[in-house]
Amino acid sequence: MIEVRDLTKRYGAERAVDRISFTVAPGEVLGFLGPNGAGKSTTMKVITGYLPPTEGTVLVDGLDVRRDALEIRRRIGYLPEHTPLYPDMPVSEYLAFVAAMRGIDASARASRTEAVVTRCGLADVLPKRIETLSKGYRQRVGLAQALIHDPEILVLDEPTTGLDPNQIVEIRELIRAIGREKTVILSTHILPEVQASCDRVLIIHRGRIVADGTPDDLQSRFSGLRRLSFGVRGPADRVAEVLSARTDLRIADVSDLDGETLFQLESDADTDARPLLFRLAVEEGWELTELHRDRANLEDVFRSLTSA
Amino acid sequence: MSEAWILARKELRAYFDSPVAYVVLSLFLLLTGWFFSTGLFLENVASVRRVFDYVPFFFLFFIPAITMSTFAEERRSGTIELLLTLPVRDWQVIVGKLLAVSVFVATAIAATLVYAVTVASLGDIDFGATVGGYLGLVLLGISCGAIGIFASSLTRNQIVAFIIGFGIIFVLYLVDKVTDFVPGSLATVLQYLGTDFHYRNLLRGVIDTRDILYYVSLTVFAGLCTAYSLARRPE
């Protein structure tokens, strides 16, 4: 569906994107992960036809951004970083403007607008001017304008930056719902976001792709460690002593909560230490309050790949 | 073209929804009104001539003031990225912006028709000169508008856009007034380049296609410069 071929983008002498290639399959939710300035936004701007590529090209449904930028723009919904919107415009007027500029038939405009208003939960704020809205609502307006022409592809540049935790959850749910029917490319530098929303991750660093795979894939491939949470009620000193005596486990972190001690443990990727920990607790007579394997933790992968 | 018109309507609504439009319009009418009525009441001259004489000078400030936001504000806020990833060509966006500015300028000029009607009702009005003058003002306003839009496309700062726009319009306004200091052949060229020279021609009531062509060329040229500036997609 989207094919990026040897894409290079230079700003003057600086290479923002350096010969990257990847494809995105229909229906996939792809996460771009990378530190600020890694080239995530630049890549997205080339895909959406905002910036022309310096070298290489991007194909969307077989169309080339160098030649068919207009047709590609029709198939893509785009939400740029920081959600730029016209602050003076009421929401309804803004959506009507985008619908008209996108050439949606006057007959279909009302139903399309209603569909995105319902989907993004904007019914209550339609008459309000955009500048009076909270950031969460502004983000929804941004998503609504990106969805108004019912595109197959959605490109979202840092869609949750600057939102409060509740708003982040709302927007993520919305993105996940959209991701069930559309191809989505989203960028972020927030790691849990990728795990929450994406089928596949591309880690970009200094304009190059340094990793490509599912979040779990990357975790096992790069970090070689497995993380466990182990919580017990018992003599914390004794527990620590027993655990640190073991060579196959390493204590990464210890915290106390109301008499319960929570250990963050690391083990080799190929061993499952959970049965062992359970037996230990039984033998020693500790009350087990928590025992689970943490979901793939991309933080290590990310840091090891992008700190160099 | 229809996309350009949709954009123009949105821009116009933005102008008239904000106080800026009314402040600029009021100031424009206040200034032209003052020059008209001092002529009328203090010097007993019922003529629109003085208004016609001064308007190009007001345009130096007035036009950059209404064009400074066109692209600079879109660049500053980042909305330009959304605008230029809509399925429209860059030139449609430029034409849309210019249409809005032209309608705004035409509104301001139309408001000065009051003076022409006053003069016509008080005595004889030089019909040819008045028609030529209004045509000249509209053409001058649109071409200066195109220059102001170009200036706005160069920067993300509205004040800088105002100053650049003012600078270019000012130079073109003055260029035919320095012809005394340069050799003859160059003088002809400079005279031809001056916006005010062609305006004076039209103001004589002689509607010459060369003068109209000059303003059309200037507008198209400024539009092409804007297109070039936008194509660079600066951050």
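Order of the sequence lines sets the chain letters (A, B, ...), proteins ahead of strands, with each chain counted from 1.
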Between [Y] and [X], does any NZ, NE, NH1 or NH2 come within less than 4.0 Å of an OD or OE carboxylate oxygen?
| X | Y | result |
| --- | --- | --- |
| A/Arg66 | A/Asp64 | no |
| A/Arg176 | A/Glu173 | no |
| B/Arg233 | B/Asp90 | yes |

> Would you say the side-chain atoms of A/Tyr86 and B/Ser77 include a donor-acceptor pair closer than 3.5 Å?
Replying inline: no
>> Checking an interface table here. Which of residues 135-148 of chain A come within a heavy-atom distance under 4.5 Å of chain B?
In response: A/Gln145
> Which bit of B/Glu73 comes within less than 4.5 Å of chain A, counting heavy atoms only: side chain, backbone, both or neither?
Replying inline: neither
>> What part of B/Arg13 gets within 4.5 angstrom of chain A, counting heavy atoms only: side chain, backbone, both, or neither?
In response: side chain
> Do A/Thr42 and A/Tyr11 come close enough that some side-chain heavy atom pair is under 4.5 Å?
Replying inline: yes
> Taking every heavy-atom pair that is under 4.5 Å apart, which of A/Pro87, A/Gly49, A/Pro52, A/Pro84 has the most such pairs with chain B?
Replying inline: A/Pro84
> Among A/Arg74, A/Met89, A/Arg102, A/Glu71, which has the most heavy-atom pairs under 4.5 Å with chain B?
Replying inline: A/Arg102
>> At a 4.5 Å cut-off on heavy atoms, which part of A/Glu93 comes close to chain B: side chain, backbone, both, or neither?
In response: side chain
Should the pair [X] and [Y] be assigned to parallel (<30°), tilted (30 to 60°) or perpendicular (>60°) ring geometry?
| X | Y | answer |
| --- | --- | --- |
| B/Phe162 | B/Phe166 | parallel |
| B/Phe104 | B/Tyr15 | tilted |
| B/Phe59 | B/Phe28 | parallel |

